[in-house]
Amino acid sequence: MQTTPDAYVFLVLLPAALFALLGGWAGWKPHSPARRFGSWIMVAGWVNLLAALTGAAITVGQGTQLSLTLGPVLWGFSARLDALSALVWLMIALLTVVILRYSRTYLDGDPRQTTFLGRMGLTIACVQTLVLAGNLGLLFAAWVGTSLSLHRLLVFYPERRAARLAAWKKFVAARLGDLCLFGAVVCLGSHFGTGDLETIFQAFRQGGEGVASFSFLGVTGLLLALAAMLKSAQFPFHGWLVEVMETPTPVSALLHAGILNAGPFLVVRLSPILHEAVGGSALLVLVGGFTGWLASAALLSQPSVKVALGYSSAAHMGFMLMVAGLGVYPAVMLHLVAHSFYKAHAFLSSGSVVDAAKSKGIPLPARRGNIPRVAASLGIALLVYAIFAWAWGVNPLDHPSLLAVGAILVLGIGQIIAPTLDSVGPRTATAMACLMAMGVAIAFFSLEAGAHALLHGILPHSTTPPPPILLLALLVVLTYLGAVVTQMLLPVLSRNPRLYAWSVHLRNGLYANAMLDRLAGSLRRHHASTHFS
Amino acid sequence: MTTELLDAPMKTIPGQAVDLRTELRAVCARIAPVWPLESFVAVNPYFGMSDLGFGSVASRLEKVAGARTTLATREYLALIARGEITPDDIQKALHRVGEEGVTAAMFLDRVRALEGLPPFSPRVPTLGETAADVTGSDWARLADDRIATWAGSYFDQGQALWPAAATDAGPYASWKREACIDRTPEVMGLAGVRKAAAALPENPLTAADNALKSLGLGSVERELYLHALLMRLGGWSALASQRQWNAGLAGGEDDTLLELLCIRLAWEHLLFQCVKHPALKERWAERRLTLLRLSLDTLPSESLRDRLLLQDAYDLSEQRRLRAFFPSSCIPSAPDAPARPVTQAVFCIDVRSEIFRRHLEAVAPGMETIGFAGFFGFPIALQPLGHEKAHPQCPVFFQPAHTIHEGLGDPALDSKATRRRRWKGHVQRAWTSFKMGAISCFSFVGPIGLAYLPKLFTDAFGLTRPVSRPDHDGLDKSWVQLLAPQAGGDHGLSVPERVALAKGALTAMSLTGNFAPLVLLVGHGSSTVNNPHAAGLDCGACGGRSGDANARVAVEVLNDPAVRQALQDDGINIPSDTLFLAGRHDTTTDRMDIYNLDRIPSTHMAALETLQRQLGQAGRLARAERARRLGIDADTNTDRAVLARSRDWAQVRPEWGLAGCSAFVAAPRTCTAGMNLDGRSFLHSYDWQQDKDFAVLELILTAPVVVASWISLQYYASTVDNQLFGSGNKTLHNVIGRIGVVEGNGGDLRVGLPWQSLHDGQRLQHPPHRLNVILQAPREAVERILEQHEIVRNLFDNGWCFLHLLDERGALAESYIGSGRWDSVA
């Protein structure tokens, strides 16, 4: 692993600079022809993808690459290319090509298309810099810049009241997050006397006096966890996320697949620090686990496709933060990348759900709602998990964190089996469901192993978490078990009045958003109505 | 038929609620229906008001919803500046409304002087808005939002895995249940709503009655007030109204919309009780007077009167343009036996057929093209293979007469394919519950999410579709080839049914003799990807579906020797060497497919090959013509560019649909042959000399003309008020309940057309004109039909459409100016 800083590593920031330049151009000349500007930004997109591929190849071949630091050591300017940043850069570059291409066609004819593409460019530039930053100062600046440039996209149609309201709520949450991150950066910088990530990571890797004397470690961990939670729309600040469909679909794709990840990314990027900070990790497990439960349950009752996707993203962010709190960082990154591709596709293709309506006339076997069959589904899922864990030589009992992640997998694949086993349908379908469950398990173990191999060199190793976190993890897993079993029994429970009441509460996201709406004065009338004579 | 539907007898229930029910239903009848996205047909959004004049509806909609029913004055002035509307048009329009003393110049001076002033358009007040005014908090919007949230769940057709509304109860009961639980109003600062909701009566009419009494509304002012309440949730109301439409076709009744009105009234009552403000009662009393005054004053405002006149002038300018097309060029059909055409091709009357027909006639000598409603007179419902329900494939005014099953032509294979399809659906459901389920979605994304990376790219480059085609979903590739509507077999049509259908169809098409060796029936459909409004581009005459199923059934019937034998008794002699063929015109790509090519007898192969070549040529020419309007650069490969649009998941303008439609012509094709009508005219073939007792003319006026008027008025209304009667910006669309779209994250369901379907970013692609119906038929016959059919008469008497007659030489000779009066066009 070579870690001698070299100036050439600054080249990784060049594509981001190109996007920023184009973004600036569009801001300066908003009336330049959109078709031509679109071609330019597509070129930038492809160049970026090439650069990201090259960066990934270099990382694989030669390990972590660090640039020199320009400016003061605390707030200076430096880039860092390692397995983590290369992976996320490549992911963003791939998404960017697809999303920009989509936007060129989708907004064709919009008189402000150049402005739109320019703001997309700026946002991409910021988020990419955030990923590639090698220094706390640059990381913080890019963190704030991402949020500010995104804000301009969220209010792309400023005449939409709902867009302004959601963006305002997002703005407030983001500024609180900025404060938290700023606090954490100040704590770290003042203790270690540098903003250079590598120096700080080294200190944590070596442990000893340098870390032991860091009296603000707990505070820093909490601040980092809070910053991540505020960035990634965790309860009770999830409301804005499910409301920002007030802006064109490609923005949602970029936001949900690219920018929202900044929370989990921050946590993994600074995992050497968080790994030592129990309070921050515990907070992540608690809030992430709760948001994962709330948002994924709320998603079930959403009738509109984009709002459902919004809840889904909040849930996935919660899940990732929880897993990060448990210290299984490679699993977080696998989930982050996979979720991004999935969610970008889901948003960009959200107009296709009407096709699904056309297939609804096919009669399907009735569900039984039979408790032994539901239990058997979970039993089969557990068996499938155990077999493959054994085949991969993993003993989850050695790693309580992995056990928790594994339990959630079991609950998931049980959901493939239950709708067939617990129905009057043919047994061949149940067999098929079991095969699919095995396929998912195989994919799970091989991809987790792959993510581990890719990232274990630069991320803290998974250790047995301290008891408070284990206790929280147990609580989360039990809650999740309850949610899954309830769901499996919905066919018989759906007329239960208490459950019905919960469906209403959950659809409204437990009213947290309504509370923020009230604080934001969403019902306030700015101008007295002049319609009446 | 539709008038009967509205005048259906009311169910009587005992007690005082009878009158109220009738009253509320009358208001509900003002709301035009909207169809779910999967069969998104064009609807005239003014339909429930077509018994009133265009002007009074404009005035009324302005009061109850702030609706715009014309362009803005500034837009008309721009049209005048560009010379599209001439002073002459204005003068004529002034003359029509009896403003004899006013010259066009004087009128325009006044319009220009008033243009900059803020328009004075008083709105019908509601209690919610009054409460909002006195408190400064928009409680009316809260009420609308809460109802819209409930409605999204209540009307959901399978999007939510766990529907949060009691769908087994009636709308009012379901809403009331939710209102007793939902804490949102309290959280937002309105205390006591749940308690007040719990105290509401169980019967929706009683709740409505209580609300009206407590608000102190008398019978005079109620109508506008109730109409205004419904218009606040215009989209959900329209969806509820569609349930009434369906029930009405089956001879029943449906109270969904009535109950929705009761819900909105109940909310007014809740607000009256829960908004505690000392000034509310007093302010409401003032507003009631405003309401009363608005109810009594039915005249349009001055600004609206001017704009209506400008719209008249704008329509006159379009008629001037049309008149130039009909300069007595018609070659009267030769009295002696005409030559036998080489091929006949029957197309849908849809304006998009006009382009293809024109090019086909140009490249195919001896080709006769015919225009007829694209369901070819076969009002069927089609039940896809393995499905449990059939969907109508006919105009929405008709109840389908026959259910045709889709199959593979072999019962054993059918049941095998059915089993396979259901099995796959069953497994698919399990996978979906894993993918979308709470908690399980985490286990889905980690292992499976990466598979979306290649899909992102193949979808982005048009190599794959985001989801598989629903009509082929769950079927093997080899089966898809065989898939066809089965007119024969167990569920097929009996011989007498076939004969009746064939006779009706051929007569209505004016195709009862001189059959060509090849007669091609061309159904049409579109091909787009990831487009919620895809069905809006399909055949309206087939209920928002592709028309190929109808064409295929019709062809099977018309090729049936037993049917041909029986038709001879009715004087329809189809020569034995005549072969009917079914085809599908893809309106997005202008590709033409012909079905069952393997069953063509060798005697017709040569003719068929020629025909296919000609169809290919015509398609290329049509594409080239349409490419210009789509803004495709002239130096690119237009064929490839047009095809790429049909596969692009980001494409918001795959084709222009019926944008620009402005005329409906029912006359022999000889009257329009050779004219470039720009894809803006519905062309219905009609020869009145063959039409004994004018039954065909009656059919044309009561069905295709009404459909065309719905399409025209949908485009019109979506253009002049996209907020209220259009569906807004496509890039913000969010499909709700799989049945409709909302713009952004919620709110009212959107009806009508997206702005991108009307406007190309530079200019309107649909100039908002009212439809010009042009007939070649004797005036007396037309008048008799108008007398008999109120719904048709209303269209022309009330200014929703214009009616013109062609003389025997094909010149536009007379225009109907209402109330039985005609104006000769000299």
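Letters go in sequence order (proteins before strands), and every chain restarts at 1. Below, each value reflects all heavy atoms present in this structure, side chains not excepted, and no hydrogens, waters or symmetry copies.
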Please flag which part of [X] lies under 4.5 Å from any non-hydrogen atom of chain A: side chain, backbone, both or neither.
X: B/Arg763; value: neither
X: B/Arg465; value: side chain
X: B/Asp182; value: both
X: B/Asp156; value: side chain
X: B/Ile439; value: both
X: B/His426; value: both
X: B/Phe461; value: both
X: B/Trp423; value: side chain
X: B/Asp168; value: side chain
X: B/Trp139; value: side chain
X: B/Lys730; value: backbone
X: B/Asn729; value: side chain
X: B/Arg177; value: both
X: B/Asp648; value: side chain

Apply salt bridge (charged side-chain N to carboxylate O under 4.0 Å, His left out) to residues B/Glu178 and A/Arg507 and explain how you reach the verdict. CA-CA 11 Å; B/Glu178 176 165 325; A/Arg507 189 191 55 203; 2.5 Å; yes

Do the non-hydrogen side-chain atoms of A/Leu300 and A/Tyr311 ever get within less than 4.5 Å of each other? no

Could you check whether any side-chain heavy atom of A/Ser350 comes within less than 4.5 Å of a side-chain heavy atom of B/Asn734, counting everything from C-beta outward? no

Ranking A/Asn508, A/Val307, A/Leu334 by heavy-atom pairs under 4.5 Å to chain B gives rank one to A/Asn508

Specify whether [X] and [Y] have parallel, tilted or perpendicular ring planes, treating 30° as the upper limit for parallel and 60° as the lower limit for perpendicular.
X: A/Trp502; Y: A/Trp293; value: perpendicular
X: B/Phe444; Y: B/Tyr452; value: perpendicular
X: A/His316; Y: B/Phe442; value: perpendicular

Value for CZ (A/Arg161) from CG (B/Asp138), rounded to nearest 0.5 Å, stands at 7.5 Å

